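What's counted below: heavy atoms across the whole structure, side chains too, no hydrogens, waters or symmetry copies. What you see is a predicted model, and the numbers here were worked out from it, not measured in a lab. The sequence lines fix the lettering, A, B, ..., with proteins before strands; numbering per chain opens at 1.
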Amino acid sequence: MRVAPNPNGPWHIGHARMAAVVGTYKDRYDGYFLCRFDDTDPETKRPDLDAYDEILDAIEYLGFTPNRVLKASDRLETYYAYARDLIDLGGAYTCSCPAEDFSNLKNNGESCPHREKDPETVRDEFQGMIDGLYEPGEMVLRIKTDIEHKNPALRDWVAFRLIDTPHPREEAAEYRCWPMLDFQSGIDDHLTGVTHIIRGIDLQDSAKRQQFVYDYFNWEYPEVIHWGHVQVDAFDVPMSTSTIKELIEGGELDGWDDPRAPTIASLRRRGISGEAIVEAMTELGTSTSNVDLAMSSIYATNRELIDDDADRAFFVRDGVEMDLSGGPERGQPPIHPNHEERGKRTIPVGSAVLIEAADLPPEGERVWLKGYGCVRRTDERAFEYTDDDIEVVREGDVDVIHWVPATTSVRARLRTPDGDVTGHVEPGLLGYDEDDMVQFVRIGFARLDAVPEATDPTDIGADDELIAYFAHP
RNA sequence: GCUCGGUUGGUGUAGUCCGGCCAAUCAUUUCGGCCUUUCGAGCCGAUGACCUGGGUUCAAAUCCCGGACCGAGCACCA
C-alpha cells in the first residue's frame, strides 16, 4: 500500500488518517508501506521543500516507518518512457486545442481533430513538449479513452501538460513537461507493486480514468477503496493546509505547532501520542461518507496511555492571594494518588497562598487545600487553619481545591487550543524536564514545554516563566 | 445539466454481499450512583439509532423500486 502526499506543507490531522490506516494494515498483514510524494505540479500545488522531511517525521511520530520513499519528481524519465509506449499503442495523442474548446467538444461527446493523428506525429510532438518547443497551454498529451463515454469526467483526459515554473527541487528544476496525477500515479502504482489503494472520494473517477491506461498495457488494476473526508471538531481553524499557512503568515497563529492549529505538529507538542491518533483514525474505518472525528476520542485514548506515568501538580489560573495562618509550613500531596510508592511532593506554604477565584469560599466557610488541610476564610483576604479531620470532606461539607504558595510559586503559561492561560505552578516543577507530562490537578494533562533554569523560584528572571501545552482533560 | 457515491444513537463503528440467532455490537460522549484529599482513574447503571414511502417475503437494517437529504467528479490541481 502507499501514502501519496503532496508535499505542499506540513500535515494537518486529516492527513494522519492515511498513514495511520496504511501503517496499521502494514503491521497487521505484514504488508509494504510506500511513501510516494506526488509532487508533479510545481505551480498551483507548489511543493514546499521542508515538507518532505516534515511529512516523513510525522509518519515516524505516528509510529511507522515506510519501506520505501519515492519522489515523483525524480521519475519523469520513467513517465516519459511509458507515455511513448502508450503513443505507440495508439493510446494517446498530442492535442493543441485551447482548454475551453476541448471542453466544449468533450461535453458534446465530439472528438477533436488531433485525435486521429498517426503515432509518428504524436511521438514527435510529445518529444517537442519535453524539449520545450511549445509554450504552456499550447500542447498537451491526452489519453484516448472513449469520447462518448457516458461519464464526461472520463473522456480523453490530459496526461501531460507544460509548466514553465521551475520545480523547487533542484534535481527536477529543468523539467517543463509534467504528468498529471492520474497518469503519474497510475504508472507508479503498477510499477511499485501497489496492490491496495485507499484514496478520497474526490478521486472517485481516478481508477476509472487510469483503467484505460491499464487496459492499453494489459495491467491489472489494484483494489481501490474511496473514503470520505474527515472533519475534526474542537478547532476553530479549518483543516486546510492553505488556510493554516495563511493564518501563520498573517501572524494569527504562531506556527504549525501552535496549539490552536489542527495539525500533527500541534498535537505532538501538546503531548498527544501518535498511538492515540492512530487508534482514533483506524476506528473511523474507511466508509465513503464523510466522517466527523471527535477529538475526545483521541483524548480518551491518550489519557489511558499517559495517566499512570504523569505526575500530579498544581496550577492555579489567575490566582487570588489569601493570607494563611496557624497551619503547618508545608503541604504534602502525593505525586500520584494511585501510586503511593512514588512518594509525596513538598510544597512550602509561607504566609499566603494563591487559589483560583472560582474556588474562593464565602467568608466564614471552609475549604480543603489539597495535600495541606482545612482552612476557614476569616475575612476578605485571609484563611486560618482549622485542623479539621478529612472527615469533613467525606461528609461533603468542604470542597477540595488546589493551590500554590503566594511567594515561592513559579509563573506559568498554559497554551491551549482556546488560547493561552496564565497563572502559577508549584515550585517543585522546576525539577522537571521539557517533554515531561504532568496532570494539573482539576485542570487536565499537559506537556511541559519550557522549564526555567533556576532551582529556586526566587531566582527566576522577571521575563521567565514555565510554559506548558495543554493536552486534554 | 451529465455522471458517480453515500445515509445505523450526539460522534465513530459492527451487522448489509449470503434476509431469520438484530427488541441491533463496541468505543467515545452525556447523565446518575459508588469510590476517591482531582472535574482524573476505577467500578456500577441510564439515556440514545436502522433517512423516507412503497414492494417482495412466513420473516427486511439487510433484497427491489420511488423520494428526500448529503457528498464527489465533469481542471493543462493533488
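Here the nucleotide nearest the side chain of A:Val291, chosen from B:G40, B:A78, B:G12, is B:G12. With B:G6, B:G40, B:U37 as the candidates, the nucleotide lying closest to the side chain of A:Ile390 is B:U37. Among B:C77, B:U38, B:U7, the nucleotide with an atom closest to any side-chain atom of A:Thr44 is B:C77. Out of B:U3, B:G71, B:C77, the shortest distance to the side chain of A:Ile201 is found at B:G71. The side chain of A:Pro152 lies closest to B:C2, out of B:C76, B:A78, B:C2. Nearest nucleotide to the side chain of A:Thr288, out of B:C76, B:U38, B:G5: B:G5. The side chain of A:Lys208 has B:C4 as its nearest neighbour among B:G73, B:U29, B:C4. Closest contact between the side chain of A:Asn290 and the listed nucleotides B:G71, B:U37, B:C77 involves B:G71. For A:Asp292, the listed nucleotide lying nearest its side chain is B:U11; candidates were B:U11, B:U38, B:G6. Set against B:G73, B:C39, B:C77, the side chain of A:Asn151 has B:G73 as its closest nucleotide.
Annotation: B:G40 and B:C35 have their P atoms spaced 16 Å apart (nearest Å). Using atom C1' as the reference point in both B:G67 and B:A59, the two lie 26 Å apart (nearest Å). If you take atom C1' in B:G32 and the same atom in B:A72, they sit 44 Å apart, rounded to whole Å. As rounded to the nearest Å, B:C22 and B:C77 have C1' atoms that lie 46 Å from one another. Between B:A27 and B:A49, the two C1' atoms lie 15 Å apart (nearest whole Å). Nucleotides B:U36 and B:G48 place their P atoms 32 Å apart, quoted to the nearest Å. When the P atom is compared between B:G15 and B:C26, the two are found 14 Å apart, to the nearest whole Å. For the P atoms, the distance linking B:C18 with B:C63 amounts to 8 Å, nearest Å.
As rounded to whole Å, 15 Å separates atom P of B:C39 from atom CZ of A:Phe470. Rounded to whole Å, the distance from CD on A:Gln184 to C1' on B:A78 is 10 Å. Residue A:Asp205 contributes atom CG, which lies 12 Å from atom C1' of B:C2 at whole-angstrom precision. Regarding A:Asn6, its CG atom lies at a distance of 12 Å from the P atom of B:C77, rounded to whole Å. For the pair A:Lys370 NZ and B:U36 C1', the computed distance is 8 Å after rounding to whole Å. Whole-Å rounding puts the A:Leu162 CG to B:A75 P distance at 19 Å.
No N or O donor and acceptor, one from the side chain of A:Asn338 and one from the base of B:G42, sit under 3.5 Å apart. Under 3.5 Å, the side chain of A:Arg394 and the base of B:U36 form no donor-acceptor pair of N or O atoms. In this model, no side-chain donor or acceptor of A:Glu283 finds a partner on the base of B:U28 within 3.5 Å.
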Checklist line | ring pair (Phe, Tyr, Trp, His ring centres under 6.0 Å) evaluation trace for A:Phe160 with A:Phe183 | finding: CA-CA 8 Å; A:Phe160 284 84; A:Phe183 188 84; 4.9 Å; yes

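A:Val158 comes within 4.0 angstrom of sugar-phosphate atoms only, judged by non-hydrogen atoms across all strands, and of no base. Among the heavy atoms of the strands, none lies under 4.0 Å from A:Arg46. Residue A:Ser103 is in sugar-phosphate contact alone, with no base atom involved, counting any heavy-atom pair closer than 4.0 Å across all strands shown. A:Asp202 comes within contact range of at least one nucleobase, with a heavy-atom separation under 4.0 Å. Contact annotation for A:Leu203: base contact, defined as any heavy-atom pair under 4.0 Å involving a base atom.
A donor atom on one side chain and an acceptor atom on the other are not found under 3.5 Å apart for A:His336 and A:Asp309. Side-chain contact check for A:Tyr175 and A:Glu77: at least one donor-acceptor pair (N or O, by modelled atom type) lies under 3.5 Å. Under 3.5 Å, the side chains of A:Asp189 and A:Tyr221 contain no donor-acceptor pair of N or O atoms. A:His402 and A:Glu356 share a side-chain donor-acceptor pair at under 3.5 Å.
Pairing for B:A14 is absent, judged as Watson-Crick or G-U wobble with the two contacts each under 3.5 Å. Pairing for B:G66 goes to B:U52, judged as Watson-Crick or G-U wobble with the two contacts each under 3.5 Å. With a cut-off of 3.5 Å on both pairing distances, B:U47 has no Watson-Crick or G-U wobble partner at all. Nucleotide B:G9 forms a pair with no other nucleotide shown, judged by Watson-Crick or G-U wobble geometry with both contacts under 3.5 Å. Using the Watson-Crick or G-U wobble rule with both distances under 3.5 Å, B:A41 pairs with nothing in any strand shown. With a cut-off of 3.5 Å on both pairing distances, B:C35 has no Watson-Crick or G-U wobble partner at all. With a 3.5 Å ceiling on both atom-pair distances, the Watson-Crick or G-U wobble partner of B:G1 is B:C74.
Looking at which nucleotide of RNA chain B each of A:Ala153 and A:Ile443 is closest to, the 5′-most match is held by A:Ile443. Residue-to-nucleotide proximity on RNA chain B shows that, of A:His336 and A:Arg155, the 5′-proximal contact is made by A:Arg155.
When the side-chain nitrogen and oxygen atoms of A:Lys106 are compared with OP1 and OP2 of B:C2, none of them lie within a distance under 4.0 Å.
Between A:Lys117 and A:Glu125 there is a salt bridge, with a side-chain nitrogen of the basic residue lying less than 4.0 Å from a carboxylate oxygen of the acidic one.
For A:Arg169 and A:Phe37, the positive end is not near the middle of the six-membered ring at less than 6.0 Å and at most 45° from its axis. With A:Phe314 as the aromatic partner, A:Lys370 does not meet the cation-pi criteria of under 6.0 angstrom to the ring centre and within 45 degrees of the ring axis.
Taking the six-membered ring for Trp and thresholds of 30 and 60 degrees, A:His15 and A:Trp11 have nearly parallel ring planes, at less than 30 degrees apart.
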